[in-house]
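Because the structure is predicted, anything quoted here is derived from the model rather than measured. What you see below is based on every heavy atom in this structure, not just the backbone, and it leaves out hydrogens, waters and symmetry mates.
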Amino acid sequence: MPAAPVPPSSWLVAVPRPIPAYDFAAPHGHAGTFPVGCRVLVPWRGEPLVGVVVGAGSERQSHRLREALQLLDAPERPWVPAATVQALGEWAASAGLPLGLVWDDLLGVGWAPALAHRVRAVAGADLTAFAENAAPAAVPGPQWSDGAGYLPALLDSVREQGLLEEEFTPVQPTVSRIYPTAQGQGPLTPKQAEAAEWLAEYPGQESLSSWARGAGVSSSVVAAVLARGHAALHEEAAPPPALPPCAAPWSPGLPDSLPVAERWRLNGGKFAARARALAPRIQAQLQAGGSVLVLVPEHATLDRAWAALSGLAEPCGTGAALFSGLLSPEQREHSWEQIRSGAARLVVGSYLALTAPLASLGLLLVLDEGSDAYKLSSGSRAWVPDTAQAVAGAHGAELGTAGVVPAVETVKWPALELPAPRVRLHTVDYGAAPTQPELGPLSMPGQAQSSLGYPLSHDLRAVLRQVQERGRQAALLAPRRGYSALLRCPQCDYAPQCPNCDVALRFHRSAHQLMCHQCGHRQNVPRSCANCGEAMWQTKGPGTEWLAQEVAQLLPGMPVYRVDRDHQDDLSALHAGGSGVVVGTQLLLSQPAPPELALLAVTLADTWLNVPDFRASERYHALLWELAEWHPARAPLLLVQTFQGTHPALEALRRSQSEDAGQSVSLYPRQEWELRRTLGYPPHACLAQVEVAARDRDRARAAADAVAAALYTAGATAQEVLGPAPAPIARVRGVYPYHLLLRARSPERLRELLDAVGSVRAGGRVRVDVSPRHLS
DNA sequence: AGCACGCCGACT
DNA sequence: GTCGGCGTGCTC
């Protein structure tokens, strides 16, 4: 960050609201400082609010500025590094996002510090006039007093007149604990005496309920003891919150064989092998006094990465810190402080760790850079790997990615590819035989099934029986949760629909209810078809419930477990090595693989392919390799049921085993890279999706047309603007979304197009998603 | 994002 | 007559 030669008299401050950063005058005594990355309290709608200094205020002001109230961090120890501030600023500008939205999304700690607030009138000022029109309210006098004692609006008007002195000082976190006292009043009942005795034995209880639980009495008894003064609360300094411990220290025995480049990728192998390959580079950075940030897409990977990498810090004389949204506010604060003080120079965390105050960041590692979990679903809708590149660039840090397969976006980077995991693949190709695949009876048993068998093919049944005979374990990947994709009338094909969305309701057998997986609407199963009166229903499209039931029927006596978002069985028996079958959605893969896993089956692979998105086959390919590396040591039989048995992604997996191709995991992404060049898709283009929605369909359509018209007026070509078209689900939660896809040659061009979108008053809700992950 | 203001429909 | 829906605009 180039420092301004002369400190500015006003600061640009980002507040956690979806708006641009605003200017504030530097607070009293700070006119000579320019504390980029420090937090500052600013007056906001009459009350103090924490913001982050992100730049210098513009020198010419059309209106007079409010003065910031107080700087919360010392300028030499900013809350966020200046380079990160610069990176986020540039990245937000390139995506056309208001800066406050980005900061609200990416800074996960420090917005709500505990502060003591005291105020007094400036010398000689009489503030009584400020209280006149309202009901009699207290006003600050010449002595310091607690700011909480005054109306915020009153304080703000005094503040605005420059007649208020105030101070905000951090208060150390405390906990209140309960101790027995000697000076209680009045006799105690037997129960109360019992509670008091127990407390004498176990003083320092954290809550009344823990006391009551421990003493084995009701909470009213301990409340009475407290009320009579036989016990009292004491405020004590809170102990530092517990954080997961580092793994045992280790150093790799191998030399560094990763590419030497500004950015590189590491693929192939299994997780542990990749961790061993990364270790020398991480330790070299730490030895040289630099910092390393390891970014993970979700919590399952976070745990694995922490277990594998946290032990690398200690041999280099530093610590490791974990940071993610799963931590409590206290833990986050503590972890941030470890990083900021320099005690931890290795950080493993989620996207929230991107703003971590690491000094001299030398290496930023992005694990599984193609994972859709990196797409933030709300707010800025950031594609985190993009943001990570901006941060690495601003710090001058090298950027590495690591995962079993490379994303198409990184496949051309300098690489180290470990041998592909071993795969034993068996395909059941429904496409080869004419079938009626997704049909299944609900009320009528024994209906004709496909010649290969569905949802459990003959081959799958045979292998499942073997698994049971040999006391081994199997895992089945179902296309969806619930019992079935829909319920339909065998007479007229009608399927019950959601009242708020244009989708068929999903059938949940155990609850015997229909559910909308878009908006959560639930209702009972109708007695008969609303269209023709038929009283029977047929289910279509098996989910976890259905498949678990099929397996239980096939293998009597075999334990069958289910894992999906709304049903998670306890798998401890499986993890202890007991025989069984687990049926789950993709969520299953975020858990450790059962140790005796002999079979891993994808019951309908086409679910991953029948998605209207140009990345569908890339995702499918990545899923197959994820399955191949799930078990850390073994290669269980991978059985794939599909209508596209010769799909190139599947072929790539097959070829990787027959040839000794060194780059087998990147074969398919390379192919995709070429294909996307001819189609003009990323990484050869920059995309943004514009969603225009309104409660009224015609209004939504008109608003979307208005956005398109504005784009063409601004010089966009037909190549660059696709749509508008109704969203794949034409109505969601009662509104009609329309989509436009912007496709630009460069980030700069995309920026121009987004500016045109931003300047229209369309007459509907407009949302922009830069680097979208799910397209129609 | 909140939170105000302001404009139209359906109730005690 | 008002209560309350949500469209629009503003926050230094």
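- When distances run from any side-chain atom of A:R45 to the nucleotides B:dA1, C:dT11, C:dC12, the shortest one goes to C:dT11.
- Distance CG/A:D23 to OG/A:S10: 4.5 Å, rounded to 0.5 Å.
- A donor-acceptor contact closer than 3.5 angstrom is absent between the side chains of A:E167 and A:H117.
- As a whole-Å value, the separation of A:I19 CD1 from B:dA1 P is 11 Å.
- Residue A:L65 contributes atom CG, which lies 14 Å from atom C1' of C:dT11 at whole-angstrom precision.
- Residue-level contact check: A:R66 touches the backbone only, with heavy atoms under 4.0 Å from sugar-phosphate atoms and none from bases.
- One side chain, A:Y150 or A:S145, offers a donor N or O that lies under 3.5 Å from an acceptor on the other.
- Salt bridge A:E337/A:R77: present, at least one basic N to carboxylate O contact under 4.0 Å.
- Backbone-only contact: A:P43 has heavy atoms under 4.0 Å from sugar-phosphate atoms and none from a base.
- If you measure from atom CG of A:L49 to atom P of B:dA1, you get 16 Å, rounded to the nearest angstrom.
- As rounded to whole Å, 13 Å separates atom C1' of B:dA1 from atom CH2 of A:W111.
- Of the candidate nucleotides B:dA1, C:dT11, C:dG7, C:dG7 has the atom nearest to the side chain of A:R699.
- Rounded to a whole Å, the CG atom of A:L101 is 19 Å from the P atom of C:dT11.
- In this structure, CG of A:L97 is placed 15 Å from C1' of B:dA1, rounded to the nearest angstrom.
- In this entry the distance linking CZ of A:F24 with C1' of C:dC12 reads 4 Å, nearest Å.
- Between the CH2 atom of A:W44 and the C1' atom of B:dG2 there is a distance of 11 Å, given to the nearest Å.
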